[in-house]
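These notes concern the structure reproduced below.
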Number of protein chains: 4
Amino acid sequence: MIISLQLESDTPLYEQLRNQIVIGIATGELAPNEKLPTVRQLAEELGINTMTVNKTYTILKQQGYIVIDRRHGAKVSPPKEDNPAPSPQLEEQLELLIAQATIQGIDQSRFQALCSQIFAKMTYRHS
Amino acid sequence: MIISLQLESDTPLYEQLRNQIVIGIATGELAPNEKLPTVRQLAEELGINTMTVNKTYTILKQQGYIVIDRRHGAKVSPPKEDNPAPSPQLEEQLELLIAQATIQGIDQSRFQALCSQIFAKMTYRHS
Amino acid sequence: MIISLQLESDTPLYEQLRNQIVIGIATGELAPNEKLPTVRQLAEELGINTMTVNKTYTILKQQGYIVIDRRHGAKVSPPKEDNPAPSPQLEEQLELLIAQATIQGIDQSRFQALCSQIFAKMTYRHS
Amino acid sequence: MIISLQLESDTPLYEQLRNQIVIGIATGELAPNEKLPTVRQLAEELGINTMTVNKTYTILKQQGYIVIDRRHGAKVSPPKEDNPAPSPQLEEQLELLIAQATIQGIDQSRFQALCSQIFAKMTYRHS
DNA sequence: GTGGTCTAGACCACA
DNA sequence: GTGGTCTAGACCACG
């Protein structure tokens with residue numbers, strides 16, 4: 001999996017990293033129960049500090065995306081059951097996103113098409 | 001227009017303010033070419049520092065949501081022509097949002113329904 | 001409020017600190033909405049690193065014990081409503097504690113007396 | 001006796017194992033002077049490293065819960081005489097637990113009821 | 001060899 | 001002046 005960090009960005013490194021891993025999980029590039037690279041490996045590979053990677057892993061663990069097995073390191077969490085109730089934060093963020101899209105001149109059908117296109121990339125399976 | 005800030009939130013005040021104004025524009029609560037309160041008025045009304053409001057206005061201007069006329073203060077930008085090409089940032093944010101939704105167990109149809117629901121809320125206020 | 005850390009202990013510093021602050025809140029030594037010392041102050045006072053204190057504050061914030069206001073630093077959270085449903089972890093920890101007490105030869109009435117004694121120290125108020 | 005370990009838990013394996021054995025002793029599931037399985041047996045049964053089990057036994061011995069006889073292996077210690085003086089660690093842990101409960105909004109009567117409930121569960125298994 | 005903890009010191013974002 | 005982020009490098013706990 002390819003990860004690219006922008007050092008000049010205003011979003012912190014640990015958050016950029018977290019986001020890319022989350023997307024990796026959703027697209028299936030990182031399969032459920034797949035082992036993630038060790039903190040040190042990833043830190044060296046990305047040219048950043050181990051503690052930054054460590055923080056990312058801690059957050060991903062807290063948010064339930066990964067699981068840390070003391071014997072084998074970090075693994076992707078097994079998939080969740082279907083949950084039809086979206087979290088309030090998700091709704092809030094989506095509302096803001098739709099507001100911005102609307103002002104940009106993107107109407108509903110265009111937006112829904114964009115969603116479909118992104119969903120097509122996500123091959124996440126609930127096996 | 002009612003603006004409520006959470007002083008204890010993780011998102012900075014200037015960003016909360018920016019987001020609420022963006023939503024206000026999208027819903028039509030703030031009409032195109034409508035005059036916004038002055039920095040000082042808004043700061044006092046919200047009980048926050050003028051520099052914070054100033055930063056918000058600067059960002060909104062940079063992002064094209066408002067125009068600042070030295071003589072008449074800040075105004076909401078005129079509406080954009082229909083633009084079928086979404087900005088890269090929008091796509092990126094939407095991708096992350098959809099990734100998180102997918103992992104939460106929300107499937108495409110459920111997500112699209114949520115979008116429709118939010119669009120309906122906006123259009124309703126609009127008219 | 002007096003805080004004493006044991007550097008030789010096997011419980012990490014940030015956890016010792018977290019525990020003592022929690023007890024401080026419960027006893028009322030730290031009142032609701034009271035301002036906590038800044039990260040730097042506390043770090044210097046205790047002779048430890050700022051990041052250690054920072055980690056403690058982050059955890060306390062995540063667990064809802066404190067709230068971080070960007071303008072004024074960290075504050076004790078306002079008191080919770082009465083909640084008669086104990087968390088599963090609390091039950092689990094209490095079960096282990098009671099098991100150990102039982103093996104030590106402490107019977108139920110003695111244990112309950114000990115609880116009463118500790119409760120007497122807690123002057124926490126739901127104002 | 002059934003022992004279930006969570007490999008992904010924050011609490012180390014040797015500690016999980018130690019806790020479950022302590023509870024087993026308190027409930028009477030493991031009777032005084034009962035022989036425990038050998039380190040190798042238990043390790044194989046649980047699918048973990050022998051060093052982990054070894055560490056658990058060492059700790060249990062240090063804390064007086066078991067005695068290790070080189071000829072006959074590990075046995076549960078004989079019951080203690082009634083000892084009305086709780087250990088300082090116990091008090092400390094209980095204080096922290098009660099502090100957390102208090103802040104959660106659980107009052108004394110509710111907490112005492114919870115204690116009674118747990119004592120009842122233990123005594124029930126005991127008899 | 002893994003992640004967890006801690007340090008000393010630096011710079012930045014926020015208000 | 002506050003907390004947030006990041007670094008380089010060290011040591012420890014766990015298995």
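Proteins come first, then strands; the chains are lettered A, B, ... in the order of their sequence lines, and each starts at number 1. For clarity, every value in this text was computed on a predicted model and none was experimentally measured.
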Handout entry: Protein-nucleotide distance (L13(D), atom CG; dG3(E), atom P), rounded to Å
Key = 16 Å

Handout entry: Length of the CZ-C1' vector between R18(A) and dT5(F), whole Å
Key = 17 Å

Handout entry: Side-chain donor/acceptor of Q16(A) to backbone N/O of T11(A), under 3.5 Å
Key = yes

Exercise for the section: May I ask you to list the residues of residues 39-50 of chain A, by number, that have any heavy atom positioned under 4.0 Å from an atom of DNA chain F? Expected result: I48(A), N49(A)

Problem - Side chain of N54(C) - closest among dG3(E), dT7(E), dT5(F) - result: dT5(F)

Completion exercise
Between CD1 of I59(C) and P of dG4(F) the distance, given in whole Å, is 13 Å

Problem - Under-4.0 Å side-chain N/O to phosphate OP1/OP2 contact, T52(C) with dT7(E) - result: yes

Exercise for the section: Please tell me which of the listed nucleotides, dG3(E), dC14(E), dC14(F), lies nearest to the side chain of P12(B)? Expected result: dC14(E)

Problem - Residue pair I48(C) / E45(C), side-chain heavy-atom distance below 4.5 Å - result: no

Fill in the blank from the handout: Of the candidates dC6(F), dG4(F), dA8(F), the side chain of M51(C) sits closest to dC6(F)

Fill in the blank from the handout: Given the options T38(B), L42(B), T58(B), V53(B) meets side chain to side chain contact (heavy atoms under 4.5 Å, CB included) only with L42(B)

Exercise for the section: Send over the distance from E8(D) CD to dC14(F) P, rounded to a whole Å. Expected result: 18 Å

Fill in the blank from the handout: Partner of T52(C) under side chain to side chain contact (heavy atoms under 4.5 Å, CB included), picked from N49(C), T50(C), N54(C), is N49(C)

Handout entry: Length of the line joining L7(C):CG and dC11(F):P, which is rounded to integer Å
Key = 17 Å

Problem - Test item: Q20(A) side-chain N/O and S4(A) main-chain N/O as donor-acceptor pair under 3.5 Å - result: yes

Completion exercise
From the candidates dC14(F), dC6(F), dG3(E), the one with an atom nearest any side-chain atom of Y57(A) is dG3(E)

Handout entry: 4.5 Å side-chain heavy-atom contact, V22(B) and L96(A)
Key = yes

Fill in the blank from the handout: The nucleotide from dG4(E), dT5(E), dC14(F) with an atom nearest the side chain of R70(A) is dC14(F)

Problem - Separation of E8(D) CD from I68(A) CD1 (nearest 0.5 Å) - result: 10.5 Å

Handout entry: No-hydrogen, no-angle side-chain donor-acceptor test under 3.5 Å, Q63(D) and Q100(C)
Key = no

Fill in the blank from the handout: Taken to the nearest whole Å, CD/Q16(D) to C1'/dC14(F) is 12 Å

Handout entry: Rounded distance (Å) that lies between atom P of dG3(E) and atom CG of L36(A)
Key = 9 Å

Problem - Phosphate contact (dT5(F) OP1 or OP2) by K55(A) side-chain N/O below 4.0 Å - result: yes

Exercise for the section: Search all heavy atoms of S77(B) against all heavy atoms of G64(B) and return the closest pair with its distance. Expected result: OG-O, 2.9 Å

Exercise for the section: For D10(B) and dA13(E), give me the distance from atom CG to atom P, rounded to whole Å. Expected result: 17 Å

Exercise for the section: Indicate yes or no: does K61(C) engage D10(B) in a salt bridge with an N to O separation below 4.0 Å. Expected result: yes

Practice task
Please determine, for the side chain of Y14(D), which listed nucleotide (dG15(F), dC6(F), dA15(E)) has the closest atom?
Solution key: dG15(F)

Fill in the blank from the handout: Parsed dot-bracket for DNA chain E after applying the Watson-Crick and G-U rules with both distances under 3.5 Å and | for other-strand partners is ||||||||||||||.

